[in-house]
Every structure is written in structure tokens, then in C-alpha cells.
Amino acid sequence: MFAAVAMALLLVIVIQVGMVLRGDASVLDGVLADPDAYLRLARIDRLAETGAWFDSVESRINPPGGFALHWTRPLDALILGGAYLGSPFLGFDKALFWSGAVVSPLLQLLSLIALVWASRPVLPRLCRCLLAFFYVAQPGILAMFIMGRADHHGLLILCCILLLGLTIRLLLNPDDLGNAVWAGLVAAFAIWINVEALLFVVVTIAALGLFWLLVEARLARACLVYAAAILASLGAALLAERGVAGLGDYEIDRLSIAHIVLFAANFIYWAAMDLVQRRGRGSSALGPRAVWAGAGIAVTLGLLWWMHPAFFADPMALGDELYLTKHMANIEELQPLFAAPGEGGSWPKALARPVLWLGIALPAVPWLLHLMHRSPGPERRVWVFFALGLLLFTPFGVLHLRWVMYPELFLVIPYAALAGALVARLADALSENALSIVRPLVIAGLAIWFYVPTFATQAGPPVGASEQSAVSCPLRTLAPVLDDPAGLGAAPKRVLAFIDFGPELIYRTKHSVFAIPNHRRQPGFTLGYGIMTATDFGRARDDLLLAGIDLILICPGSVEGWFYSTEEPGRTLYQTLAADEPPAFLEPIALPGVLAEHFRLFSLRKSAE
């Protein structure tokens with residue numbers, strides 16, 4: 001068992017190193033995975049410099065008012081701790097970069113070990129060995145752990161796995177209340193990291209509640225302890241995140257008093273159900289217990305709706321409408337699992353897409369149903385729990401690719417159980433010599449078969465596809481020019497640039513930007529988009545002066561050209577800048593060497609000509 005897990009851990013390292021050497025993760029060149037990673041490190045750098053733990057406002061975004069992020073501090077503290085450990089050897093700046101670059105792969109190693117532990121009560125040794133390899137191969141999960149991705153998703157996956165393991169143990173042994181306490185601690189920590197954890201926490205509460213209602217009355221006490229542990233831990237997390245002064249702040253997309261109210265209601269509900277049960281009212285029959293449970297749920301939801309109706313709204317729907325429709329709707333990981341090929345695309349690629357991301361559902365779901373039917377009572381609860389998780393998360397994964405990691409988590413354990421049964425059948429049917437050849441091939445095939453359609457359909461460019469490759473925008477090379485203390489970096493400036501450039505500019509320079517990729521409302525985003533798409537250049541100049549913008553940076557030929565495209569008649573400001581024909585109020589700034597091939601930089605003339 002130890003050897004198999006060690007080999008799986010080694011495989012993780014090989015895959016991560018391979019992606020770096022192949023160029024999929026360019027950390028050796030000082031490049032991180034995405035804009036969020038740069039913004040995360042810039043935020044941590046500010047924390048190290050100022051010590052302002054409770055300040056979530058980034059003053060260099062959307063100046064002069066700043067921008068309040070919905071991120072929380074646990075991942076910041078983890079990366080900052082790594083930076084301090086590496087500082088004596090690398091210096092703080094490099095140590096911070098590498099701490100952010102390796103945090104996700106390290107979390108992947110921890111999550112693999114956690115998954116083997118989590119599955120121990122329901123999978124025999126052989127299946128757990130196979131599980132370690134299958135987990136590493138899941139594309140949705142792997143995407144969250146790539147080198148250079150300094151964000152919270154890897155930490156959420158680790159918490160989800162730990163909570164799965166604790167819930168499994170509670171379902172099998174309701175009297176072990178220590179597991180309920182640990183489950184509450186993990187659940188609260190996950191919600192502190194990011195409120196999307198509410199979804200997998202709700203799955204665990206629903207599974208425990210369902211089996212309390214239908215099968216096991218003893219689960220009421222476990223549910224009560226679990227609820228109390230979540231509430232107490234969440235209160236401590238809220239104090240640690242916001243301090244005393246921020247305890248009353250109300251936010252849906254970041255840990256706040258709204259979530260305390262939710263889990264206070266959950267605690268009151270289970271306290272009432274436990275009291276009803278201890279007094280013998282409806283505890284021995286399904287009907288009365290169902291009436292009490294239904295009434296409690298109705299009252300709890302009604303009170304939440306009355307006190308906090310916004311809690312039931314989609315946090316994204318409360319965000320910047322222009323950003324949601326113009327930028328966020330086109331982010332790759334937010335695209336649906338099933339999609340017809342676009343212009344120049346191909347149906348084979350479109351059909352290979354769902355096979356890649358959730359292909360294991362094809363064999364795993366029937367086997368999960370088989371396990372639910374065949375397993376003895378306590379173990380059957382576990383497989384029903386996995387089915388509940390799939391019922392919740394599969395629609396999310398179908399709507400948006402970024403959610404497929406959760407269906408994969410609920411699928412990979414029954415998939416490993418199926419693989420173990422298949423390997424056992426082979427052992428019974430084949431000779432020792434034949435088995436030594438066939439078994440590794442079968443295991444390897446089970447681990448990677450869902451990648452085959454994708455590789456097969458990417459042998460050549462799609463029919464009718466444009467031959468023009470994407471234009472790169474090497475901000476890492478441009479940053480020393482922008483931050484040169486003898487030139488543009490002599491004093492902080494306000495830069496108007498494509499929103500995907502904002503986080504890296506914040507990280508690599510001392511300047512401010514007007515927008516970043518984020519769903520929360522950003523007046524600077526609307527302002528900048530309006531300026532760049534303006535056909536009335538006089539009004540654009542007035543807006544530039546009013547906002548105090550010093551520099552405009554563009555990267556012609558990149559995706560920003562599409563981003564700033566409009567159906568309005570007339571030539572936009574962006575189009576004139578991309579054509580190197582700026583209006584008189586903008587002065588071109590010469591860039592050295594190859595930078596001039598990628599970027600155009602303009603300064604605002606403060607007086608009319």
C-alpha cells in the first residue's frame with residue numbers, strides 16, 4: 001500500500017515537472033498560470049509590507065476608491081508562510097513567487113494522501129492503490145493543481161476530501177462524535193476559504209439528515225454536534241478574518257455574518273430535532289419524524305428568507321452586468337461541458353470534450369448503482385451519499401467546466417471500486433504470467449482512456465480555422481520599462497489596460513490599474529471599457545482627465561481586440577490606437593526592441609493642443 005501511494009506521489013511530481021518542461025506551466029520563466037495568481041501574490045506582498053490583515057481593499061485597483069476583494073486570508077497565510085521560510089535563501093520577492101508557484105502541487109500531494117485515508121472504510125487495499133493513480137489522472141482536478149496556480153481551489157479540494165472521509169465514518173459509526181467535531185472544523189475552514197464550499201458542506205448535512213430520518217435515529221446527536229462545531233468554528237473564523245470591527249459586515253460571496261446566521265439556523269434546527277427525539281416524540285416512526293423534520297426545515301428557510309433574502313440570490317447576479325456578459329461569459333473554465341463547435345470547430349472535438357472531463361461517469365455511475373443495491377446496510381449509506389453528491393454537482397459541472405472537479409471526486413472512488421473488481425476477475429481468469437502483462441495494461445488503460453478522444457481529435461487544425469496564432473503580450477518583459485525609476489516608474493501612475501493585464505501590472509509594478517477580472521462591481525471597469533470603445537474622442541478625453549489616467553497600454557492583435565469590439569458605427573478609440581493613429585491628446589511612448597512589436601503605450605497630454 002505504501003509503495004503504491006509513493007508511486008502515485010512520484011507520478012504527481014513527474015506530471016508537474018513535465019508540464020513545466022513542456023511549457024504548459026512557465027514558472028521557470030517567471031510566469032504564473034493566470035491573472036488571479038498574480039493578484040494573489042500582489043495582495044500577499046501588500047500584507048507582508050503593511051501587516052493590514054483585516055484590510056481587503058486593494059487601493060491600486062479602481063483608483064482612487066480602491067476595490068474590495070472577496071478573497072479571504074487562509075491561502076494568503078499559507079503562501080506567506082512559505083515565502084518567509086524561503087526568504088533566507090532566495091530573498092523575499094523570489095521566495096514569494098516560488099511559494100505561490102508550488103503551493104497547488106504541494107496541496108495535490110496532500111490531497112492524494114487524504115483521499116486514500118478518506119476511502120479506507122469502504123475500499124479494500126487494492127482499490128485504494130488504484131484510486132491513488134486514478135485521482136492523479138482526473139483532468140478537472142489536475143487543472144486546479146498545476147504549477148503556478150496560486151489560488152484557493154486546491155485547498156478547497158483538500159478540505160472536500162477530508163470532509164468526505166469524516167462523513168463516511170459518521171455514516172458508518174454515528175456514535176463516534178469526535179468525527180463530527182472534526183467534520184465541523186473542516187467544514188468551517190472550507191467556508192472560510194471560499195463560500196463555494198457551502199455546496200459540499202450542504203451535501204454532507206443532507207446525507208446525514210437523510211439517514212437520520214430514514215434509518216438511523218442515533219445520527220441526530222452526530223448532526224447536532226456537527227452543527228455546533230461548524231457554528232463555533234465559523235464564528236472563530238469570522239473573528240480571525242474580519243476582526244471585531246467587521247463582525248457585522250454583510251457579504252454573500254465572502255465569509256460574513258450572513259453565514260453565521262445560516263449555520264445558527266442549522267444548529268437550532270438540529271437542537272430541536274435532538275430534543276424532540278430525546279423526548280420520544282416521533283422518534284420511533286418515520287411519519288411523525290418526517291413531519292417534525294419538514295416543519296423544522298420550513299421554519300428555518302422561512303426565517304432565513306425573512307432575515308436575509310439576498311442569501312438565496314446568485315452572488316454572480318449581484319455583480320457587474322457588463323463584466324459578466326462581456327468577459328466572464330467567455331472565460332474557458334466557465335463554458336458548458338456540452339457545446340456545439342463554434343465557427344471553424346469540429347464535431348469530433350466537441351464530442352471528445354465531455355468524454356475527457358467526465359468520461360469516468362459512463363462506467364462509474366452504473367457501478368455506483370450496483371454498489372448501492374448490493375452493499376450491506378451501513379456501507380450502502382456511503383454509496384447513497386456519493387450519489388447525492390453527484391446529483392448536486394453534476395449539473396454544475398455540465399453548466400461550467402470549473403465545477404467538474406467535484407463530480408470527479410464523487411466518481412473516482414466508485415470508479416476505483418469497479419477497477420478493483422475487474423482486476424480481481426482478471427486474477428481469477430488468467431495465469432500468473434499472463435496477469436503480470438495484462439494487469440498493468442488494464443490499469444493504465446482505465447487511468448487514461450478518457451484522454452484518447454481528445455488526443456485523437458487534435459491531430460491537426462480544425463477545418464476553416466484561422467492560421468493566425470494568438471499574439472503574446474509579455475508583460476514580464478515590459479514591466480521593467482514601466483517600473484524604471486529613471487523613467488515611467490519615477491512616480492506611481494494610473495494605467496488603463498485590458499483587464500487581464502491588471503493583476504500582473506499590480507504585481508510587477510508600482511502603478512495602479514482600473515480593473516481586474518472579478519465579478520464584483522468595478523466602476524473602473526465600466527469607465528475603461530467606455531473610454532476604449534468611445535467614438536466621441538472629445539468625451540473620451542474628458543473621461544481620461546476626470547479619472548486621472550496617465551497611461552494607456554494596449555497589445556494589438558491579442559484577444560483585447562475582440563473584447564473592445566462593438567456594433568456601434570464609427571471608429572473606436574481602441575481601433576485608432578491599434579492602428580498607431582492616436583488622437584492629439586495622446587502621446588505615443590517609444591518602447592525598446594521587440595516590445596514595440598507587441599505593445600503600444602500612450603501618455604495623456606494634460607493640456608489641449
Side-chain angles (χ1 to χ4, degrees), residues 35 38-39 42 58-67 320 322-323 326-327 473-475 478-479 481-483 487-518 520-566 571-591 595-596 598-608:
Y38 290 110
L39 185 59
E58 300 298 323
S59 60
R60 292 197 292 142
I61 302 170
N62 190 47
F67 180 71
D320 190 310
L322 178 61
Y323 173 78
K326 189 64 180 178
H327 185 271
C473 302
L475 290 171
L478 178 66
V481 176
L482 295 176
D483 221 31
L488 295 173
K493 293 179 172 56
R494 296 181 182 180
V495 182
L496 176 59
F498 180 45
I499 60 171
D500 283 353
F501 299 167
E504 191 168 356
L505 290 172
I506 290 289
Y507 172 67
R508 297 193 186 279
T509 75
K510 60 174 64 71
H511 303 308
S512 299
V513 299
F514 275 83
I516 58 168
N518 192 279
R520 284 190 167 188
R521 294 187 183 277
Q522 300 180 73
F525 172 78
T526 305
L527 171 72
Y529 184 83
I531 290 172
M532 298 301 279
T533 57
T535 56
D536 181 348
F537 294 171
R539 182 172 180 179
R541 179 182 181 276
D542 291 343
D543 287 342
L544 287 167
L545 287 170
L546 185 63
I549 292 172
D550 301 296
L551 301 173
I552 295 180
L553 175 68
I554 67 170
C555 182
S558 69
V559 69
E560 71 177 14
W562 165 86
F563 178 74
Y564 289 128
S565 64
T566 69
R571 201 179 193 196
T572 65
L573 179 62
Y574 176 81
Q575 290 169 338
T576 65
L577 298 182
D580 253 345
E581 300 172 0
F585 59 83
L586 292 175
E587 179 181 358
I589 297 177
L591 294 173
L595 287 176
H598 298 282
F599 295 102
R600 304 283 186 274
L601 185 63
F602 305 89
S603 65
L604 179 65
R605 301 181 194 270
K606 300 302 181 181
S607 59

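Note that the structure is predicted; figures quoted are calculated from it, not measured.
Nearest heavy atom pair, residue Ala491 against residue Lys510, reads C-CD, 4.5 Å. Taking all atoms of both residues into account, the shortest heavy-atom contact from His511 to Gly489 is CE1-CA, 4.1 Å. When all heavy atoms are compared, the tightest approach of Leu591 to Val481 is CD2-CG1, 4.3 Å. Nearest heavy-atom pair across Ile531 and Ala540 is O-CB, 4.2 Å. A pairwise comparison of heavy atoms in Leu527 and Ala547 identifies CD2-CB, 3.4 Å as the closest pair. When all heavy atoms of Ala479 and Arg508 are compared, the closest pair comes out as CB-CB, 3.6 Å.
In this structure the side chain of Thr566 never reaches within 4.5 angstrom of the side chain of Thr535, judged on heavy atoms. Pro523 has its side chain out of reach of Phe514: every pair of non-hydrogen atoms, C-beta onward, lies at least 4.5 Å apart. Thr509 places none of its side-chain heavy atoms less than 4.5 Å from the side chain of Val495. The shortest side-chain heavy-atom distance between Leu601 and Leu488 falls under the 4.5 Å cut-off. By the 4.5 Å heavy-atom criterion applied to side chains, Leu475 and Phe599 are counted as neighbours. Looking only at side-chain heavy atoms (C-beta outward), Ile552 and Met532 come within less than 4.5 Å of each other. Side-chain contact check for Leu573 versus Pro583: some heavy-atom pair is nearer than 4.5 Å.
The aromatic rings of Tyr38 and Tyr507 lie tilted to each other, with the angle between the two planes from 30° to 60°. Classification of the Tyr574-Tyr564 ring pair by plane angle, with boundaries at 30° and 60°, yields tilted. The aromatic rings of Phe498 and Phe501 sit perpendicular, their planes meeting at an angle over 60°, well past the 30° parallel limit.
In this structure, the separation between CZ on Phe585 and CG on Asp542 is 9.0 Å, given to the nearest 0.5 Å. The distance from atom CG of Leu604 to atom CZ of Arg541, rounded to the nearest 0.5 Å, is 6.5 Å. From Ile549, atom CD1 reaches atom CZ of Arg494 across 8.5 Å, with rounding to the nearest 0.5 Å. Here NE2 of His327 is found 11.5 Å from OH of Tyr529. Values are rounded to the nearest 0.5 Å. To the nearest 0.5 Å, atoms CD1 (Ile554) and NE2 (His598) are separated by 14.0 Å. Atoms CG and CG, from Leu505 and Leu39 in turn, are 11.5 Å apart once rounded to the nearest 0.5 Å.
By the side-chain contact (heavy atoms from CB on, under 4.5 Å) test, Asn518 is found to be paired with Phe67, Leu69, His70, Ile516, Arg520, Gln522, residues two or more places apart in sequence or in another chain being considered.
Sorted by first and then second residue, the side-chain hydrogen bond (donor to acceptor under 3.5 Å, both in side chains) pairs with a member in residues 576-591 read Arg571-Glu581, Asp580-Arg600; sequence neighbours excluded.
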